[in-house]
Amino acid sequence: MQEDSPVQNENTPDTSQTVPPQRTGRRNRLIVLGAAALVALGLGGVAVAVATNGTDHSAPAAVSLDTQSRAEAAGRADRSIRESSTPVIPSLSPTPSPPAVSVSPTPAKTAKPKPKKTTKPTPAWVDPMPGAAVTSCYGQRWGTLHAGIDLALPSGTPIRAAAAGTVTKAGDASDGYGNSVFIDHGNGYLTQYAHQSRIAVTVGQAVKAGQVIGYEGATGDATGPHLHFEVHQGMWNQIDPAPFMRARGVDLGC
């Protein structure tokens, strides 16, 4: 008995062309993987693809220029890093050192001691009336011996001891000498100072060389104020005063 073949209706789906369930699941998985791959490409790639399909052709150029600018900026930054990090090789020539300056220590200032005032020592023999004019020297005068030297200055000029000694006579000496002073110098010699207006020492007084013993006058036999100065080698043994005093460093002008 022949079985009747089933009659296929138009409205009955063609099961012979239906995709098996296993293939449908595999295709779905491929679609999911493709979508994930698109996500992985990033929004940049999607934006480029979308812009390419559109009608605005200026967008790719802007992206390209922006990329080029960033690349150039990166290159400049890279060069600046490399140039600044380039080691600087110091010059091999030695730098001359500054010359040494010797500093001498400043000496401490010390106060200089003030020089002591010193008195010039008086010579052993001095002029009995310094600066006087000589009016008569030792020798014969008017037929008699003028036994001394006459020294003239204004009346009242101080008379000084010719050397140190002791006063042996002070007063009127008679014989025309007027007021006189005799000084014994202790070496066998005496000096006499006649015609004084005033006497300033007394008998027995010790005097020094240059000490004032009286003042010039015109007492006794005198024609005017002057000092009559004599040197005795022993009492009343008069000698020339000029060479005697010159030998002792005093020039009386005769």
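This structure is a prediction, so every number in the text was calculated from the model and none was measured.
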With a cut-off of 3.5 Å and sequence neighbours excluded, list every side-chain donor-acceptor pair involving residues 149-157.
from : atom 1 : to   : atom 2 : distance (Å)
D150 : OD1    : H146 : NE2    : 3.4
D150 : OD1    : H228 : ND1    : 2.9
D150 : OD2    : H146 : NE2    : 3.2
T157 : OG1    : P154 : O      : 2.7

**OP:** Could you grab the distance from atom CG of D184 to atom CZ of F182, nearest 0.5 Å is fine?
**Re:** 11.5 Å
Subject >> Hydrophobic cluster identity match, V181 and W236, side-chain contacts under 4.5 Å >> reply: no
Subject >> side-chain contact (heavy atoms from CB on, under 4.5 Å) between V201 and V207, worked out >> reply: CA-CA 9 Å; V201 292; V207 296; 4.1 Å; yes
Original post:
Is there a path of hydrophobic side-chain contacts, each under 4.5 Å between heavy atoms of I, L, V, M, F, W or Y residues, that connects L227 with V134?
Top reply: yes
For residues 237-247, which side-chain N or O atoms pair as donor and acceptor with protein atoms under 3.5 Å away, sequence neighbours left out?
from : atom 1 : to   : atom 2 : distance (Å)
N237 : ND2    : Q233 : O      : 3.1
Q238 : NE2    : E230 : OE1    : 3.3
D240 : OD1    : A242 : N      : 3.1
R246 : NH2    : C254 : O      : 2.5

Original post:
What pair of heavy atoms forms the shortest contact from Q140 to L145, and how long is it?
Top reply: OE1-N, 3.6 Å
Subject >> For the student: nearest non-hydrogen atoms of Y189 and R248, plus distance >> reply: CE1-NH2, 4.5 Å
Subject >> I199 with V167, same ILVMFWY side-chain cluster at under 4.5 Å >> reply: yes
**OP:** Look at the side chain of T219 and the backbone N and O of Q196, then say whether any donor-acceptor pair between them is shorter than 3.5 Å.
**Re:** yes
Subject >> Closest non-hydrogen atom pair between V250 and W125, with its separation >> reply: CG2-O, 3.4 Å
**OP:** Show the numbers, then the answer: is there a side-chain contact (heavy atoms from CB on, under 4.5 Å) between F229 and I159?
**Re:** CA-CA 10 Å; F229 176 70; I159 299 170; over 6 Å; no
Original post:
Going from CD on Q192 to CE on M235, what distance comes out if it is rounded to the nearest 0.5 angstrom?
Top reply: 7.0 Å
Subject >> Hydrophobic cluster membership, V126 vs V231, 4.5 Å side-chain cutoff >> reply: no
**OP:** Quick one: closest heavy-atom pair of H226 and A222, and the distance?
**Re:** CE1-CB, 3.7 Å
Original post:
How long is the span from the OG1 atom in T168 to the CG atom in L190, to the nearest 0.5 Å?
Top reply: 5.5 Å
Subject >> Point-to-point distance, once rounded to the nearest 0.5 Å, from CG of N179 to CG of D172 >> reply: 6.0 Å
Original post:
Considering all heavy atoms of both residues, which atom of P128 and which atom of L252 are nearest to each other, and what is their separation?
Top reply: CD-CD2, 4.0 Å
**OP:** Using the side-chain hydrogen bond (donor to acceptor under 3.5 Å, both in side chains) rule, collect all pairs that involve residues 198-215, keeping only residues at least two apart or in two chains.
**Re:** none
Subject >> Minimal non-hydrogen separation, D221 against H195, with atom names >> reply: O-CE1, 3.3 Å
